[in-house]
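Here the structure comes first, spelled out in structure tokens, and everything after it is commentary.
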Amino acid sequence: MNERYYAQAIELKWQKKWADAELFKVSEDKDRSKKYYLLEMFPYPSGNLHMGHVRNYSIGDVVSRTLKMQGYNVLHPMGYDSFGLPAENAAIKHNTHPAVWTSSNIENMNKQLKRLGLSYDWDREVQTYREDYYRWMQWLFIEFWKRGLAYKKENPVNWCPSCQTVLANEQVVDGKCERCGTPVTKKKLSQWYLKITEYADRLLDDLDELPGWPEKVKTMQRNWIGRSEGTEVEFRIKDMDETVTVFTTRVDTLFGTSFMVVSPELEFAEKLIEGGGYEKECREYQEQAKRMSDIERTSLTKEKTGQFTGRYAVNPVTGADLPIYLADYVLLGYGTGAVMGVPAHDQRDFEFATKFGLDIIPVVDPGREDVDVEHLTQAFEAEGKMINSGKYNGMDNEDAIAAIRADLEQRGIAKKTVNYKLRDWLISRQRYWGCPIPMVYCEEHGWQPVPEDQLPVLLPTDVEFTGKGESPIATSPSFQNAVCPICGKHAVREVDTMDTFLDSSWYFLRYCDPHNDKEPFSKEKVDYWMNVDQYIGGIEHAILHLLYSRFFTKVLYDMGMVSCSEPFKNLLTQGMVLKGGTKMSKSVGNVVSPDEIVERFGADTARLFILFAAPPEKELEWSDTGVEGSYRFLNRVYRLIYELAPQIENIPRVYTAETKEDKQLAFALNSAVKRVTGDVTGRFNFNTATSAIMELVNEMYSYKELEDVNMGLLADACDKTVLLLAPFVPHICEELWEGLGHEGFVSEHAWPECDESALVKDTVEIVVQINGKVRGRMDVPAGLSREELQETVMASDEAKALIDGKTVVKVISVPGKLLNIVVR
RNA sequence: GCCGGGAUGGCGGAAUUGGCAGACGCACGGGACUUAAAAUCCCGCGAUAGAAAUAUCGUACCGGUUCAAGCCCGGUUCUCGGCACCA
């Protein structure tokens, strides 16, 4: 053991020893009741780790290493989500191939991860861009297709003019492209979709079976799925042999309907426009709506717009003529794309009716003085009694929903329905660097999957990266030439690639069986490891990745390929790493590079600081002086062990705590063991776990200076301090463990147990309160009952002095804690 | 607008079940060691008054429940995050 703490040398030494000993390699051969699957979200290979990664992976590593020491068979894998646009952009910029850029980035990040001393089973590394992975991605896509869960359809879709590709709804944030911030426009394209809506109810309901997920994430998913129960009502169109159906959650307001609005993109709108007498105006309105970006269209400040079609629908209960308008506030993809306008009870309809001078008919009256339903200044959306509604008058409006629906059902013009905000998942991307969609189009047989024995459909290499126009794959003539698997005639291959979120929707299953070349994964292995017991990653994936992975798992469950229907049992969403109160970013210039910290202080210091500075779910403010503090602490531990090691090396760890100081140290030691155990594997509060160890170290520093030192106790405290710290700062702990004269790796040693008897004190300090205010403290024997405590304290001179001259009204006695004397 | 968090010293944060508010660390101040500096060690560190013992106040704000409230209840302000023309 060197006199000084040389972090670099120690860390490289032990990293090599771990690798040589294959310390973190796991297999399925152990008792399944002791298996634990710990997963951190795999990174995109951007080229460099940032502090967010360091935080994510440090958290995972502490948990993984602790569980390993506790005897669990821990699967702790790592890999790369390595398809995606940045590689393609880099290829265009540097005139190279995305694969070259990606693999060199992975190489560098692998080096960085290994330098942090993370306990991954590197034999299980998964890289989604490799053929051995995307081959099974294609296989799975075809299985989805066979089950009717994949289809191609022409629709107006979100289009990012900058990325030159379509985007899923989930990738449009505030009307802008999630990745580059360019306003998204609409484009009508034929695209592949996955039928996630078929799983909407299960995705929603099963959230209740995830108590280990943050409420916030579950709420976000519930809102995103957006289940809403209502009624579909069919309206006859006047002077036409047509009907139009609307969806409403408020069928109780049917008598208050005074107009109808349809989405300008709705196909049925064409029938209404033609011969309505306003063809020209309607075409213009449609053009105008098409040109607008989503931001403009959904802007809050935007006034309602619309165009009368010249047509009328007939209110099925009043017989009134309802003018039909085109209006862009009606969304095409939700409900039926047509809405009944009830201005008195819907704010949007109110604004529309006000602008176009349409009738406002109140049909729900709360009977409150502050609401005058005859002279509304805004829509009244709350509950009340029915008015102006024929035989339903006087009913509670909530009851009227069922009553009116039942009557309309009798007439065959209504039915109860459920709608979701969730849309099917658009997965086609007009880009090169992704998994090719393994489908070919035959004039005669339509879309057909590539036969299994021809998988994988490889990405072509004869392509040009120009960054302009169509997908680079479309520039490869050889790629597009294919054969129909049914008739053997010429077919055209799909040139779009898959959204990379598909790749990450099942990578956690591939980790269970990463080298399988017969199937995506063996059921046996997946059933051994799944579910993921603990998943750790950023909150930014609350909807996208976590919803898609749940969807995939459910489909695979239905296919019989996995035995669990939810992938992630527990979820921890870690907070961001900030500096100067804002997220680290190049443009702000507040980025702290992990390499730099590792170089100056070592990986252990970086890990310790990041775990100590804040609880994991909270944001973490980076502090350079705080890092130095963590480094100081490690030096302090190192010096302590270095000084004591020669004296205690041959001391048996057998002892009885005799003196008051012995008992104090034994108490500090065992409460640290208890605290760290609970904080690391229970609460995930690594900040309080580390501070408990700091307290123990402080205690040991004072203890060793005493004249009467119990060497067995001190030796035991040294061992256990190193054991407790090992998951946090593994390299220095291996070195100290060796320095203490132990054989083998501390990383493989059993986790220390708490000796509860050391936590039982002979005497306890009791707080004496007068009227709830602390007035004194006294030591009393431990274990006194409520009554005994009261008697002991009340008999003391101290208490008598405090009560002096006042009348005792009541005494509250809390054993082991306090005695509150209420006086007058 | 709707939904969900949060607000504790100069700072990050602790207080696990309603029971000593401020653990641990950072910063700062004082001291020891040193020719000196760094490192290290010791002491102090919520506010006000006081030489001190000590007293009073103090967990965003107002009110309530309780012997006792950072924690529970009602209301308010500020703040962060998510969703948002979903009929």
Side-chain angles (χ1 to χ4, degrees), chain A residues 4 173-174 214-224 226-228 230-231 246-251 253 261 297-300 302 304 327-331 333-342 345-349 351-352 381 419-423 539-540 542-543 575-576 608-609 612-615 617-630 632-633 635-636 639 675 678-679 682-683 685 687-698 701-702 705 765-777 809-814 816-823:
Chain A
R4 279 194 54 202
V173 179
D174 291 334
E215 212 46 56
K216 178 180 180 168
V217 174
K218 288 191 278 186
T219 305
M220 282 166 73
Q221 292 212 353
R222 282 190 192 104
N223 292 342
W224 187 262
R227 184 188 152 100
S228 145
T231 311
V246 303
F247 173 76
T248 179
T249 54
R250 290 292 305 273
V251 75
T253 62
V261 254
R297 235 180 115 154
T298 60
S299 162
L300 271 181
K302 183 177 163 276
K304 293 277 175 292
D328 64 5
Y329 80 91
V330 181
L331 304 172
Y334 188 78
T336 61
V339 171
M340 61 185 217
V342 188
H345 304 291
D346 182 284
Q347 187 57 25
R348 296 155 299 185
D349 296 345
E351 286 163 21
F352 191 84
E381 295 180 335
N419 261 300
Y420 302 91
K421 286 196 214 177
L422 185 72
R423 312 292 153 86
I539 184 82
E540 67 271 19
I543 297 172
M576 281 194 299
L608 180 65
F609 169 72
F612 173 66
E617 316 82 9
K618 278 192 98 165
E619 291 180 339
L620 183 151
E621 174 67 29
W622 187 265
S623 154
D624 291 329
T625 53
V627 176
E628 285 170 32
S630 294
R632 253 198 307 268
F633 172 71
N635 272 287
R636 200 167 141 79
R639 280 195 309 273
R675 174 115 210 192
D679 282 356
R683 300 202 309 168
N685 278 18
N687 53 332
T688 51
T690 42
S691 63
I693 303 173
M694 289 175 183
E695 284 180 72
L696 172 60
V697 170
N698 290 343
Y701 260 94
S702 345
E705 296 305 321
E765 195 185 59
I766 293 291
V767 167
V768 183
Q769 295 181 334
I770 301 292
N771 292 344
K773 291 193 178 176
V774 182
R775 280 295 178 274
R777 287 152 221 275
V809 180
K810 194 176 179 183
V811 178
I812 288 99
S813 173
V814 183
K817 291 217 166 105
L818 59 76
L819 193 89
N820 186 13
I821 306 164
V822 184
V823 298

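All of these numbers come straight from a predicted model, not from anything done at the bench. Here is the naming used below: chain letters follow the sequence lines, and residue numbers restart at 1 for every chain. Values below: every heavy atom of this structure, side chains too, minus hydrogens, waters and symmetry copies.
- The gap from the P atom of B:rG46 to that of B:rU34 amounts to 32 Å, rounded to the nearest Å.
- In the interface, the side chain of A:Lys421 is not paired with the base of B:rC83 through any donor and acceptor atom under 3.5 Å apart.
- For A:Asn685 and B:rA23, the CG to P distance is 17 Å, given to the nearest whole Å.
- Interatomic distance, A:Asp679 CG to A:Ser691 OG, rounded to the nearest 0.5 Å: 8.0 Å.
- Pair assignment for B:rA49 gives B:rU54, based on Watson-Crick or G-U wobble hydrogen-bonding distances that are each under 3.5 Å.
- Under the Watson-Crick or G-U wobble criterion, with both distances below 3.5 Å, B:rC72 is paired with B:rG64.
- Across all strands shown, A:Lys817 has heavy atoms under 4.0 Å from sugar-phosphate atoms exclusively, and none from any base.
- Taking 4.5 Å as the limit, every side-chain heavy atom of A:Tyr329 sits out of range of all side-chain heavy atoms of A:Glu351.
- The A:Lys216 side chain lies nearest to B:rG81 when the options are B:rG81, B:rG82, B:rG13.
- Looking at heavy-atom distances under 4.0 Å, A:Val822 makes contact with sugar-phosphate atoms alone, never a base.
- In this structure, A:Arg639 reaches the B:rC41 phosphate: one of its side-chain N or O atoms is under 4.0 Å from OP1 or OP2.
- For A:Arg675, the side-chain atoms get nearest to B:rU16 when compared with the rest of B:rU16, B:rA87, B:rA84.
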message: Protein within reach of the bases, or only the backbone? For nucleotides 24-32 of chain B, mark each nucleotide 5' to 3' as B, S or -, using heavy atoms under 4.0 Å.
response: BSSS-----
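- Not one side-chain nitrogen or oxygen of A:Asn635 sits closer than 4.0 Å to the OP1 or OP2 atom of B:rU40.
- Residue A:Asn687 is in sugar-phosphate contact alone, with no base atom involved, counting any heavy-atom pair closer than 4.0 Å across all strands shown.
- Across all strands shown, nothing is found opposite B:rA87 as a Watson-Crick or G-U wobble partner with both distances under 3.5 Å.
- The shortest distance between the side-chain N/O atoms of A:Arg683 and the OP1/OP2 oxygens of B:rA15 is below 4.0 Å.
- For A:Tyr329, no side-chain nitrogen or oxygen approaches OP1 or OP2 of B:rA87 to under 4.0 Å.
- Residue contacts for A:Val330: at a heavy-atom cut-off of 4.0 Å it reaches a base atom on one of the strands shown.
- A:Arg423 comes within 4.0 angstrom of a nucleotide base, judged by non-hydrogen atoms across all strands.
- Taking side-chain N and O atoms only, A:Thr219 has no distance below 4.0 Å to OP1 or OP2 of B:rG82.
- Applying the 4.0 Å criterion to OP1 and OP2 of B:rC67, one finds that A:Lys810 has a side-chain N or O inside that range.
- Pairing for B:rG25 is with B:rC11, a Watson-Crick or G-U wobble pair whose two hydrogen-bonding atom distances lie under 3.5 Å.
- For A:Asn820 against B:rC67, a side-chain-to-base donor-acceptor contact under 3.5 Å is present.
- If you check every strand for non-hydrogen atoms under 4.0 Å, A:Gln769 touches a base.
- Comparing B:rG22 with B:rU16, their P atoms sit 13 Å apart, to the nearest whole Å.
- For B:rG81, the paired nucleotide is B:rC3, the pair qualifying as Watson-Crick or G-U wobble because both relevant distances are below 3.5 Å.
- Under the Watson-Crick and G-U wobble criteria, each requiring two contacts below 3.5 Å, nucleotide B:rA39 is left unpaired.
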